[in-house]
Number of protein chains: 2
Amino acid sequence: MTSTERTPRNTRQRAEVRDAVAANPAFATSQTIHDRLRHEGSKVGLATVYRTLQAMAASGELDTIRTPDGQIAYRTCTPGHHHHLVCRSCGRTVEIDLPGLEATTRRIAGEYGFAEIDHEVEFFGTCSSCA
Amino acid sequence: MTSTERTPRNTRQRAEVRDAVAANPAFATSQTIHDRLRHEGSKVGLATVYRTLQAMAASGELDTIRTPDGQIAYRTCTPGHHHHLVCRSCGRTVEIDLPGLEATTRRIAGEYGFAEIDHEVEFFGTCSSCA
DNA sequence: GATCTTCATGACAATCATTCTCATTTAGAC
DNA sequence: GTCTAAATGAGAATGATTGTCATGAAGATC
């Protein structure tokens, strides 16, 4: 995996996107980030935001989730594996730990002969401020 | 919830869709089901397949997942809450049980003041036949 | 069985997130 | 400063899903 990685160039746009994501702890979609940047006067293109966020997520710099309606949302990542409890209306996020989940998964996968297991575990709810 | 439900009419199309989903234990998208039906000579419209599958899922008749690339896939449902281990290439599915997950979730949600918790937990891997 | 009301259907247009294309710009190496 | 490959921007293209609306058929009623 690490052998095929390339170091991306340091462009103004990439820095702007990185800052915009880091500025807010809630999950945000590419479109949201793009809007935010445009409102701040940036001239970044939508496609660039999509490409940059995708690349950052691939390199492990960002966490991604798929919102209930199918959109991809990004958020600056805390190192270490974890899951999220996301507020459906404001996007506020809490990182949660699910001890034993990994082990259970591997055990079950082994039982059924599945390899290269990947999991998508997210929780959605309404946070106290939005209730 | 039960008060707003309506019993759908028994149309030929609805029966065809139901049969097509039941015929295959793997998760399939609306488009796939539609293709299958057309190949069998059916004249169902794509929109009808979408609407029917959606309605069946809403009534609890079908399970749904979102594939890694964002599409919605359906499968005949075994009663009771459970999660899935899905083969990325053939869609073969194993229903798995994650004891304690519900309880852990509720506890964590309570700690952070989140309400109406919903979770999306799916596992993807490569099954033995596809490896 | 004929009639009527209402929901379901089908064909196609519309939507919307995401990706592609390609001409232009620019980061970073020399 | 020059050069070259990678990054960008604008807009077109894609593709899953949903909306529209005229037509058809379930199922209730007679």
Side-chain angles (χ1 to χ4, degrees), chain A residues 4-21 27-59 61-62 64-75 86 88 91 120 122, chain B residues 4-21 27-59 61-75 88 91 120 122:
Chain A
T4 49
E5 279 173 24
R6 310 241 158 233
T7 15
R9 290 183 180 174
N10 289 323
T11 64
R12 171 179 56 78
Q13 293 85 340
R14 184 169 286 264
E16 287 180 359
V17 171
R18 193 193 316 275
D19 291 351
V21 187
F27 273 97
T29 65
S30 303
Q31 311 248 13
T32 306
I33 300 286
H34 181 246
D35 284 353
R36 244 185 244 165
L37 287 170
R38 297 306 275 247
H39 281 138
E40 290 170 4
S42 167
K43 294 276 188 296
V44 238
L46 181 58
T48 301
V49 175
Y50 268 95
R51 284 183 291 233
T52 307
L53 288 172
Q54 227 173 238
M56 290 173 70
S59 79
E61 244 184 299
L62 298 180
T64 64
I65 56 167
R66 204 170 263 281
T67 65
D69 64 317
Q71 290 177 245
I72 300 170
Y74 301 88
R75 178 174 187 275
V86 187
R88 256 184 292 258
E120 306 196 346
E122 306 299 341
Chain B
T4 49
E5 276 174 26
R6 310 237 158 236
T7 14
R9 288 182 180 173
N10 289 323
T11 63
R12 173 180 53 80
Q13 292 87 339
R14 184 168 286 262
E16 287 180 359
V17 171
R18 193 193 315 274
D19 290 351
V21 187
F27 273 98
T29 64
S30 303
Q31 311 248 12
T32 305
I33 300 287
H34 181 245
D35 284 353
R36 242 184 246 164
L37 287 170
R38 297 304 275 245
H39 281 137
E40 291 170 5
S42 167
K43 295 274 189 296
V44 236
L46 180 57
T48 301
V49 176
Y50 269 96
R51 285 183 291 233
T52 306
L53 289 172
Q54 229 172 236
M56 289 173 72
S59 79
E61 243 183 301
L62 297 180
D63 272 346
T64 66
I65 56 167
R66 205 170 263 280
T67 65
D69 65 317
Q71 290 177 243
I72 299 170
Y74 302 87
R75 177 177 187 273
R88 256 184 292 260
E120 305 196 346
E122 303 300 341

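Just so it is clear: chains get the letters A, B, ... in the order the sequence lines come, proteins before strands, and each one is counted from 1.
What separates CE of Met56(B) from C1' of dA8(C) is a distance of 15 Å, to the nearest Å. Summarising the geometry, the separation between CZ on Arg18(A) and P on dA7(D) is reported as 13 Å, rounded to the nearest angstrom. Here the C1' atom of nucleotide dT8(D) and the CD atom of Glu16(A) are 12 Å apart, to the nearest Å. What separates CZ of Arg14(B) from C1' of dT9(C) is a distance of 11 Å, to the nearest Å. Here dT8(D) presents its P atom at 13 Å from NE2 of His34(A), a figure rounded to the nearest Å. Summarising the geometry, the separation between CD on Gln31(B) and P on dT18(D) is reported as 11 Å, rounded to the nearest angstrom. Taking atom CD1 of Ile33(B) as the reference point, atom C1' of dT17(D) lies 16 Å away to the nearest angstrom. Taking atom CZ of residue Arg51(B) and atom C1' of nucleotide dG19(D), one finds them 9 Å apart after rounding to whole Å.
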Check against side-chain contact (heavy atoms from CB on, under 4.5 Å), Arg14(A) and Val17(A): CA-CA 5 Å; Arg14(A) 184 169 286 264; Val17(A) 171; 5.9 Å; no

Arg18(B) vs Met56(B), side-chain contact (heavy atoms from CB on, under 4.5 Å): CA-CA, chis, key distance, verdict: CA-CA 9 Å; Arg18(B) 193 193 315 274; Met56(B) 289 173 72; 3.7 Å; yes

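Note on Glu120(B) versus Arg66(A): no salt bridge recorded, every NZ/NE/NH1/NH2 to OD/OE distance being 4.0 Å or above.
Within the structure, a side-chain polar atom (N or O) of Gln54(A) is placed less than 4.0 Å from OP1 or OP2 of dT19(C). Taking side-chain N and O atoms only, Gln13(A) has no distance below 4.0 Å to OP1 or OP2 of dT25(C).
With hydrogens and angles left out, the side-chain atoms of Glu16(A) and Ser42(A) include a donor and acceptor closer than 3.5 Å. Under 3.5 Å, the side chains of Tyr74(A) and Gln54(A) contain no donor-acceptor pair of N or O atoms.
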Polar atoms only, N or O, under 3.5 Å: list the protein pairs with nucleotides 27-30 of chain C and their distances.
| from | atom 1 | to | atom 2 | distance (Å) |
| --- | --- | --- | --- | --- |
| dA27(C) | N3 | Arg9(A) | NH1 | 3.4 |
| dG28(C) | OP1 | Asn10(A) | N | 2.9 |
| dG28(C) | OP1 | Asn10(A) | ND2 | 3.4 |

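Taking CG from Asp19(B) and CG from Leu37(B), the interatomic distance works out to 9.0 Å, rounded to the nearest 0.5 Å. To the nearest 0.5 angstrom, Asp35(B) atom CG is 11.0 Å from Glu40(B) atom CD.
Near DNA chain D, meaning a heavy atom under 4.0 Å from it, residues 40-50 of chain A has Lys43(A), Val44(A), Gly45(A), Ala47(A), Thr48(A) in order of number.
None of His34(B), Arg36(B), Gln31(B) except one satisfies the side chain to side chain contact (heavy atoms under 4.5 Å, CB included) rule with Val49(B); the exception is His34(B).
Shown here for Gly91(A) and Val86(A), the closest heavy-atom pair between the two residues is O-CG1, 3.9 Å.
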